[in-house]
Asker: 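Let me begin by handing over the structure; questions about it come next.
Just so you know, ligand 1 is whichever comes first in the structure, and atom 1 is the first atom listed for that ligand. All residue numbers refer to positions in the sequence shown, counting from 1.
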Amino acid sequence: MADGDMTIGKPISRIDGSKKVAGRALYAAEYDAPGLLHAAVVSSRIAKGKITAIDAIEALALPGVIAVLTHENRPRVAAFRYAYKDTVGPPGGPFKPLHDGKIRFADQPVAVVVGETLEAARDGAALVRITYEEEAFETDLDAAKAASFRPRLPRLGVKPAPKPRGDFDAAFAAAPIKIAAAYETAAQHHNAMELFATTVVWEGEDKITVYDKTQGSQNVQLYLKQALGFKLKNVRVVNAFVGGAFGSGLRPAHSAFLATLAAKHLKRSVRLVLTRAQMFSITYRADTRQEIALACDAEGRLLAVRHACVAATSRNEDQQETIVNWAGLAYACDNAAFDYQLARVDTPTPGDMRAPGAAVGVHVLECAMDELAYAAGIDPLDLRLRNWVEHDQNDDLPLTSKAQKACYAQAAERFGWSERSFGPRTMRDGHELIGWGVAGGVWDAFVAPVPTRARVTWRRDGRLEVAAAASDIGTGTYTILAQIAAEAFGVSVERVEVRLGDSTLPFNPVEGGSWMAASTGAAVAKACDKLKAALVKTARKQFKLRGKSALSVARGAVIGEALPGGAVSLNEILAAVGQDIAATGTNLPDLAGQRKHSSYVHSAVFAEVRVDEELGVIRVKRIVSAIAAGRILNPKTAGSQIIGGMVMGIGQALHEEAQTDHRFGKVMNHSFQDYHVPANADVGDIEVIFVQEHDPDVSSLGVKGVGEIGLVGVAPAIANAVFHATGKRIRSTPITIDKLLD
Ligand code: MOS
């Protein structure tokens, strides 16, 4: 690509791709330090109770073991629970690792063993003898939900259940066609490739550099300052590369705390990497029990909608997600009722996982729409179009855009939906039943709710540098920010250097909610405008030009008739100045706009499954997903996000489930062997379509964000395809063979 080419909207390969392929992109556990020590976590054997005795004699006698830290001998930490608050946690008291002898959930960290080598630390951890006094506990949501309650304190960024409208009861009772069903969704674990890992480099004088797997370096910086009593300026957190997180890294993980605690105690550098099994004791997508009721007239027009949910949360915090709201938003309906409740279980606090709330709430809504379509004898795609709405009835606001009709039309065409026969069990290929299912998807089009900053610098070495504390969690943030800056200056992306994932860089919130492209992207664009103005001003001064002569920046030069030769390269200008020139841009949430309209991102998903009639084996043959997400900055990286979401949707529909043995309160399948995420053989042909959507109101770049929408709608499209193939409505995900053959 040459200078001057447009770069926004081009399918540019990741600018960090070669680094990743060559192993030059360093992850948290790959940083080294002189005299680096290794730590290992000892996890609680019981799910609830207290520690009565700790015997670390054997562990400490092991050659290479340096220290065993427990709640009894740890260094002083903050006493108040407020000190453990992070910027994105739900209401309640956050878990405080090694704070006291109380056990609140199975596999809770109870000790950290530090050794000269990883082997010494891990062997030592196996030798710490802990005696417990057990208490009764409950990890089963079906038992806990008898004591469900409505959350009292709201959670930032999560919409409470909408107010009811019209009269659901009367409308439902009078309606000619209706369905009412109970659904359940399983607890899921994020299972990113990269384990939670922290390398704390002790810089002396109570100063640390912390390489951490997190979605927000400055969030972890603030947390470590508060919880462990460091000065903010003495804590630098780096997360330049993150091997996936899916929401598990939104809040600081206990591993970051424990590694830093050990480093502080020993005044040495320490690395801690959790085991895959221990990854299941951080957080999870809450399991839910949902009830949905839909009614329509003979033409398929919705007359009544009710969606209720009970979701798991911990004893100490009220995790909340937007689960039931979508039923009042996706389709036109004047009689609607909602209920959202939590039930406490003895587990770590559930957390956000890709499209939190929508993944499970829209799943149930879209399966129920399919049920209603069959009750009404109307094609499921047609039913959705007959209930089209372009107004947010929950908040009574217009939408900034909704190109979902184009999604349905283009994906249906590509999929061949018109060839489908309506009846279940009507399509087959030998011993395999064929099923075709459709679902719509919807997710928020967020802009970060706090000022988001970026700095751009034209350097004397001829490079354009972009710097922000934003995280690229594998989504392509490096690349799209480079494209935005390259386009602003009319240079090729190769001339742009992007620095991210460092708490010393300009402020950014955690990477979450699919808001980074719209928020940090806008900050970069604003910084570029300011920098261009500064460079023009500098040129004016250098060439002693009067105010009138028009100057602009293009192709890495200042251009204007008054300049010698009509253009002077930025490099020449900087050489004369003798220093780099920088500017900082800030993107603010458009609060006034948010009161005037609502913004969502939409999808339409079509899936084909093949079900072995005798064995009940379900294979996903193909999925077509069309996405309306405003302006697509880079169809290649955005497409990867959607593909990843679709693969995750296959997992949600068919595979992923934390299996807790409620006699022990413990997740039993805590490995990649037993907790199945889709592998190559599980994934059929996947196709992504981006439809045109012009939306100048959603964000200053017209961008909506694509990190999460790719998941929403996939599981219900598959579940509906399973119904179409088999005539069996499985109202519990994952849809496993035992449920299908039952
Ligand atoms: Mo996402 S669940 O906001 O990382």
Asker: Do the non-hydrogen side-chain atoms of Q221 and L232 ever get within less than 4.5 Å of each other?
Answerer: yes
Asker: Check this for me - ligand 1, G513, N or O atoms closer than 3.5 angstrom, yes or no?
Answerer: yes
Asker: With a heavy-atom distance limit of 4.0 Å, tell me whether M353 approaches ligand 1 through its side chain, its backbone, both, or neither.
Answerer: backbone
Asker: Would you mind listing which atoms of ligand 1 come within a distance below 4.0 Å of any non-hydrogen atom of F246?
Answerer: 2 (S), 4 (O)
Asker: Over 60° means perpendicular and under 30° means parallel, so tell me whether Y183 and H363 are parallel, tilted or perpendicular.
Answerer: perpendicular
Asker: Out of all atoms in ligand 1, which are within 4.0 Å of some heavy atom of R354? Include the element for each.
Answerer: 2 (S)
Asker: Quick check on the 6.0 Å ring-centre criterion: do Y84 and F95 meet it?
Answerer: no
Asker: Given that the side chain starts at C-beta and the backbone is N, CA, C, O, which of these parts of Q215 lies under 4.0 Å from ligand 1, counting heavy atoms, or is it both or neither?
Answerer: side chain
Asker: If we ignore hydrogens and angles and just use 3.5 Å, is the side chain of S671 paired with the main-chain N or O of D674 as donor and acceptor?
Answerer: yes
Asker: Which of the numbered atoms in ligand 1 are below 4.0 angstrom from a heavy atom of P356?
Answerer: 2 (S)
Asker: Can you tell which part of L250 has a heavy atom less than 4.0 Å from ligand 1: side chain, backbone, both or neither?
Answerer: side chain
Asker: Tell me whether K20 at atom NZ has more than 12 heavy atoms from other residues, nucleotides or ligands lying less than 6.0 Å away.
Answerer: yes
Asker: Tell me which part of S514 gets within contact of ligand 1: side chain, backbone, both or neither, using heavy atoms under 4.0 Å.
Answerer: neither
Asker: Are any of the N/O atoms on G247, whether in the backbone or the side chain, positioned under 3.5 angstrom from an N/O atom of ligand 1?
Answerer: yes
Asker: Sub-3.5 Å donor-acceptor pair from the side chain of R453 to the main-chain atoms of L505, do we have one?
Answerer: no
Asker: Is the shortest side-chain N to carboxylate O distance from D352 to R155 below 4.0 Å?
Answerer: yes
Asker: Students should be able to answer this: which protein heavy-atom is nearest to atom 1 (Mo) of ligand 1, and at what distance?
Answerer: E708 OE2, 3.3 Å
